[in-house]
Participant: 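Quick one: the structure is below, questions incoming.
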There are 2 protein chains.
Amino acid sequence: MTEKRRTAGQPDKRRAIVDGALALFARDGYTRASLDAIAAEAGVSNRTIYNHFADKADLFQTVIQDSTRRVADTMVATVDRHLGKVTDIESDLVDLGLAWLGVLTSELAPHFALVRQINAEADHIPPAALKTWLDTGPGRVRRELAGRLAELAERGELRVDDPARAAGHLMLLISADNLTDRTALHDPGERRAMVTAGVRAFLHGYRR
Amino acid sequence: MTEKRRTAGQPDKRRAIVDGALALFARDGYTRASLDAIAAEAGVSNRTIYNHFADKADLFQTVIQDSTRRVADTMVATVDRHLGKVTDIESDLVDLGLAWLGVLTSELAPHFALVRQINAEADHIPPAALKTWLDTGPGRVRRELAGRLAELAERGELRVDDPARAAGHLMLLISADNLTDRTALHDPGERRAMVTAGVRAFLHGYRR
DNA sequence: TAATTACTGCAACGATCGGTGTAATCCGGT
DNA sequence: ACCGGATTACACCGATCGTTGCAGTAATTA
């Protein structure tokens, strides 16, 4: 044996399958996305999919784990890049928010459609898999952001009782319109307005 | 003719169908929910569904419109009840938040699972239907809440540049954990903590 | 009473889909 | 040149599903 294999089949085929499956699962959902369509999207035979994965559910969970790890890596790096050294907290948070929205509309965009599928399909996903996704995906990003906010609190820049909750609030406020009018994400002016308003709300609130 | 009919069939059967379809569409999604299962849930013959609706898509859109109107009515009434006369803004907002979460976990809960299905299925829903849903559902509630916040701003209680955006922020902060750890919604202590933290963030922000 | 309407149960059709078996082919390693 | 695993195309099975047709029945109306 020349190379140790963690999984069956050729790695490039496996990658093509996972990528194609992500595109179709994200757009069509678990039930509507057929394995024939996924095979065609991946440029692979239907039969080959079963050489790499036990069944459709196995492929789905693999796609979730793979895409989640990639996006969480990017998100964590984005948080560290913008909150590693903070000079002006308001403008730095705005920059973080703009970078955040940049990820939402990047080539990683299908992942967030997949997240919507997960949220809709939660009752039909094994609880253990849901737990793993929550912990390695949004949970991990939130912990990273919470740590940065705690640092800023120790330096006296912020007043944060519960860093994890504050991180959740900031994530929501930065991409507020992502949950209602998603078309706003593609207009640069709207993006800036949404982020600045979110950051201002996060910092100052609406009292008085 | 003794009574004018806006739609075919007997009204009670129609109501049973729409209610059963809501339960199954919300839990299983559009594709997975079968018309046989919906008919069984409604205590109605499969064939009767086609007496009231053209096809599955027609039923789905009807369910969306029906459930959306009901929930929006409840939400608007909740907003008016808690923000009609405001004495202590912080405690009144907390009460609104608790009532808000009460709706999320009430017998109207299936609606919000349906909303998750809509968000996942958006690419497969006619844009006109999506627009109508957004306008008569969350949009309507947000406008109502924005009007109340604008009142409070005029009275000098709040500082609000964009009432619609502020309303969106408040809605997000009040039910922050609804988008990640939905199990927190069923623990009274967690609910109170989530709402109070959200309201405090909305009013005061995290600066200093 | 007669007629209209709605509901029901059942069968059936065509299509789609997940999954499997099989035989042929391709390709890297020895 | 040989071998073994990987890939492919194709056919197939059983199940599910949306939808329709049809005949019978109950209820409401003229």
Side-chain angles (χ1 to χ4, degrees), chain A residues 1-64 117 121 123-126, chain B residues 1-64 117 121 123-126:
Chain A
M1 65 185 75
T2 58
E3 38 178 338
K4 57 185 74 173
R5 286 202 322 265
R6 313 187 327 108
T7 54
Q10 285 192 342
D12 57 335
K13 298 285 180 182
R14 183 185 174 90
R15 175 111 302 273
I17 294 171
V18 172
D19 289 344
L22 168 61
L24 293 199
F25 280 142
R27 192 191 61 189
D28 297 338
Y30 177 78
T31 306
R32 213 193 285 255
S34 74
L35 285 174
D36 282 347
I38 291 174
E41 176 81 12
V44 156
S45 169
N46 178 322
R47 207 65 181 71
T48 301
I49 297 181
Y50 288 94
N51 198 339
H52 290 261
F53 305 95
D55 51 20
K56 196 184 185 183
D58 181 27
L59 173 59
F60 188 56
Q61 290 195 27
T62 301
V63 167
I64 292 177
Q117 301 293 344
E121 205 97 4
D123 286 349
H124 303 280
I125 299 179
Chain B
M1 65 185 77
T2 57
E3 39 178 338
K4 56 184 75 172
R5 284 203 322 264
R6 315 189 326 109
T7 53
Q10 284 192 343
D12 57 336
K13 298 285 180 180
R14 183 185 174 90
R15 176 110 301 273
I17 294 171
V18 173
D19 289 344
L22 169 61
L24 293 199
F25 280 143
R27 193 191 61 188
D28 297 338
Y30 177 78
T31 305
R32 215 193 285 255
S34 75
L35 286 173
D36 282 348
I38 292 174
E41 177 80 13
V44 157
S45 169
N46 177 324
R47 206 63 181 72
T48 301
I49 297 181
Y50 288 92
N51 199 337
H52 291 261
F53 306 95
D55 51 19
K56 195 183 185 182
D58 181 28
L59 173 60
F60 188 56
Q61 290 194 27
T62 302
V63 168
I64 292 176
Q117 301 292 345
E121 206 98 3
D123 287 348
H124 302 280
I125 299 177

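Protein chains get the first letters and strands the later ones, always in sequence-line order, with residue 1 at the start of each.
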Participant: Roughly, in whole Å, what's the span from CG in A:Asp12 to P in D:dT7?
Facilitator: 8 Å
Participant: Could you please name the option among C:dC7, C:dT20, D:dT19 that lies closest to any side-chain atom of B:Tyr50?
Facilitator: D:dT19
Participant: Are any of A:Lys56's side-chain N or O atoms less than 4.0 Å away from OP1 or OP2 of C:dC17?
Facilitator: no
Participant: Should the pair B:Phe25 and B:Tyr30 be assigned to parallel (<30°), tilted (30 to 60°) or perpendicular (>60°) ring geometry?
Facilitator: parallel
Participant: CD of B:Gln10 versus C1' of C:dT5: gap in Å, rounded?
Facilitator: 9 Å
Participant: I want to check something: taking the side chain as every heavy atom from C-beta on, are B:Glu121 and B:Thr31 in contact at a cut-off of under 4.5 Å?
Facilitator: yes
Participant: I need the CG-P distance between A:Leu59 and C:dG19, as an integer number of Å.
Facilitator: 10 Å
Participant: Measure CG/B:Asp36 against P/C:dT8 and give the value in whole Å, please.
Facilitator: 13 Å
Participant: Atom CG of A:Leu35 to atom P of D:dC10: distance rounded to whole Å?
Facilitator: 18 Å
Participant: Over all strands shown, is B:Thr48 touching base, sugar-phosphate only, or nothing at heavy-atom distances under 4.0 angstrom?
Facilitator: base
Participant: Identify the heavy atoms of A:Ala21 and A:Leu59 that sit nearest to each other, and give their distance.
Facilitator: CB-CD2, 3.9 Å
Participant: Kindly say whether, by distance alone, the side chain of B:Arg47 makes a donor-acceptor pair under 3.5 Å with the base of D:dG21?
Facilitator: yes
Participant: Rounded off to whole Å, could you give me the CD1-to-C1' distance for the A:Ile38 and C:dG18 pair?
Facilitator: 11 Å
Participant: Rounded to the nearest angstrom, tell me the gap between atom CD1 in B:Ile17 and atom P in C:dA6.
Facilitator: 13 Å
Participant: Just how far, in rounded Å, is P of C:dA6 from CZ of B:Phe53?
Facilitator: 14 Å
Participant: Are the side chains of B:Leu35 and B:Ile38 in touch, meaning some heavy atoms are under 4.5 Å apart?
Facilitator: yes
Participant: For D:dT7, does either OP1 or OP2 sit under 4.0 Å from a side-chain N or O belonging to A:His52?
Facilitator: yes
Participant: Base, sugar-phosphate, or nothing for B:Asp55, non-hydrogen atoms under 4.0 angstrom?
Facilitator: sugar-phosphate
Participant: Would you indicate what B:Ala33 reaches in the nucleic acid, counting non-hydrogen atoms under 4.0 angstrom: base, sugar-phosphate, or nothing?
Facilitator: sugar-phosphate
Participant: Side chain of A:Asn51, heavy atoms from C-beta onward: which of C:dG18, D:dA6, C:dG9 has the nearest atom to it?
Facilitator: D:dA6
Participant: Compare every heavy atom of B:Thr62 with every heavy atom of B:Val18, then report the nearest pair and how far apart it is.
Facilitator: CG2-CG2, 4.4 Å
